[in-house]
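In each ligand, atom 1 is the first atom listed, and ligand 1 is the first ligand listed.
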Amino acid sequence: MQKLSDILKTWLPAQWDALLQQYLPAAVLTDNFWSGRPGPCPVCGGNDRFTFDNKNGRGDWVCRRCNDGSPMAGDGIQLVCRVNRISYLELEAQLLGNAAPLVPQARPATAQRVAGRMSPEAKLLRVTKQWEHAKPLQAGDHAMRYLATRVPGLRAPRPVALRLAVQAYWHERAQIGRFPTIVAQFLLPDGRMATVHRTSLDPALPVKATVVSADGEILDAKRNDVSALPLSGGAVRLMPPRDGVLGVTEGLETAYAAHMLFGVPTWYCLNRVLLSKFVVPDGFGIHTVHIFADFDAVDPKTGKSPGMADALTLAKRLRAEGFKVQVHRPKIRGTDFCDEWKTSRQLGAITPAPMTA
Ligand SMILES: [Zn+2]
């Protein structure tokens, strides 16, 4: 009879990865785990005592306290046994009894791929941890400098819905880099956090990071993490509504630009589809909603400007729900309010429209 120890001698690193993928809980298999940074031990806890160093390509790890408080190291088989509290013989029986061989899988490269393996509880834990580990913004920090570059002259309340962290950027199997990252808290109408949206910044300059994969693909500096809950209806609550009036936009920068142009406290919904599904939360006394649309170029397939079309969809629904609604669009097709704010500043024609409730 075949023995597991003989099979393991032939295993490639990808097969060790596959073993961990298959037999460790998704909550253990975080970006932090795969990146080999110190973190909590999946067996004995703590904060930073455990490192997945994979030094022999056999799922290798080391923990400072796993041996009754003393250091311990092992391979992927030992880790799977310890985390799942099963013996080597039990795992061997399971692996050899498996009709299908262990198929090497790609590492979870993107939030979407991670998401496929995660329970709703693990997803919520993952986004909550990212939020809790990020720091509140402070005057002059990297996030504030970025925002001041995108929206020159920006004056707004310090955002409690934005934080700053240094995060690894993963793509396919590789960590592309570590970037200062704006972490935005996306809340549903009932106040539950559904995801965090991340904007990776250049480590030196106050601009978005240029993220390039190993094969030269330019990757998006902005992306959501996993969705712990469906995102429909939610927004990033950038500033408190005032006197029952709230503005909404697709993006972070356009929210601030619209705030500067119109003096309206503004939230953002991440994209036009979510903007069209925005739900006004109870408890703020909101009676008037300003929709600041992106004036996208016309889509030849639909004959419509997508940003405008979704803004009008939202306006129609909110009016039917009894809200006073005003739709605003930039003067020039193919621009958004961020462009409009910059242009108006350059022209020196800054006349914020008075806010009417
Ligand atoms: Zn341990």
Work out how many protein N, O or S atoms lie closer to the Zn ion (ligand 1) than 2.8 Å.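 Excluding waters, the total comes to 4.
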Does atom CD (Gln138) have a neighbourhood of more than 12 heavy atoms from anything else shown, all under 6.0 Å?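 For Gln138, atom CD is not crowded (no more than 12 foreign heavy atoms under 6.0 Å).
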Quick one: salt bridge (Lys or Arg N to Asp or Glu O under 4.0 Å) partners of Asp299, sequence neighbours excluded?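 Salt bridge (Lys or Arg N to Asp or Glu O under 4.0 Å) check on Asp299 returns nothing, list empty.
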By salt bridge (Lys or Arg N to Asp or Glu O under 4.0 Å), which residues pair with Asp60, not counting sequence neighbours?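 Salt bridge (Lys or Arg N to Asp or Glu O under 4.0 Å) list for Asp60, sorted by chain: empty.
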Derivation and outcome, side chain to side chain contact (heavy atoms under 4.5 Å, CB included), residues Ile176 and Val212: CA-CA 7 Å; Ile176 307 284; Val212 185; 5.8 Å; no
Does the cation-pi check pass for Arg163 over Trp131, that is, NZ or CZ under 6.0 Å from the six-membered ring centre and within 45° of its axis?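 Ring-cation test returns yes.
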Side chain to side chain contact (heavy atoms under 4.5 Å, CB included) involving Lys208 - partner list, sequence neighbours excluded: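 For Lys208 the side chain to side chain contact (heavy atoms under 4.5 Å, CB included) partners, ignoring immediate neighbours, are Tyr146, Arg150, Thr199, Ala221, Lys222.
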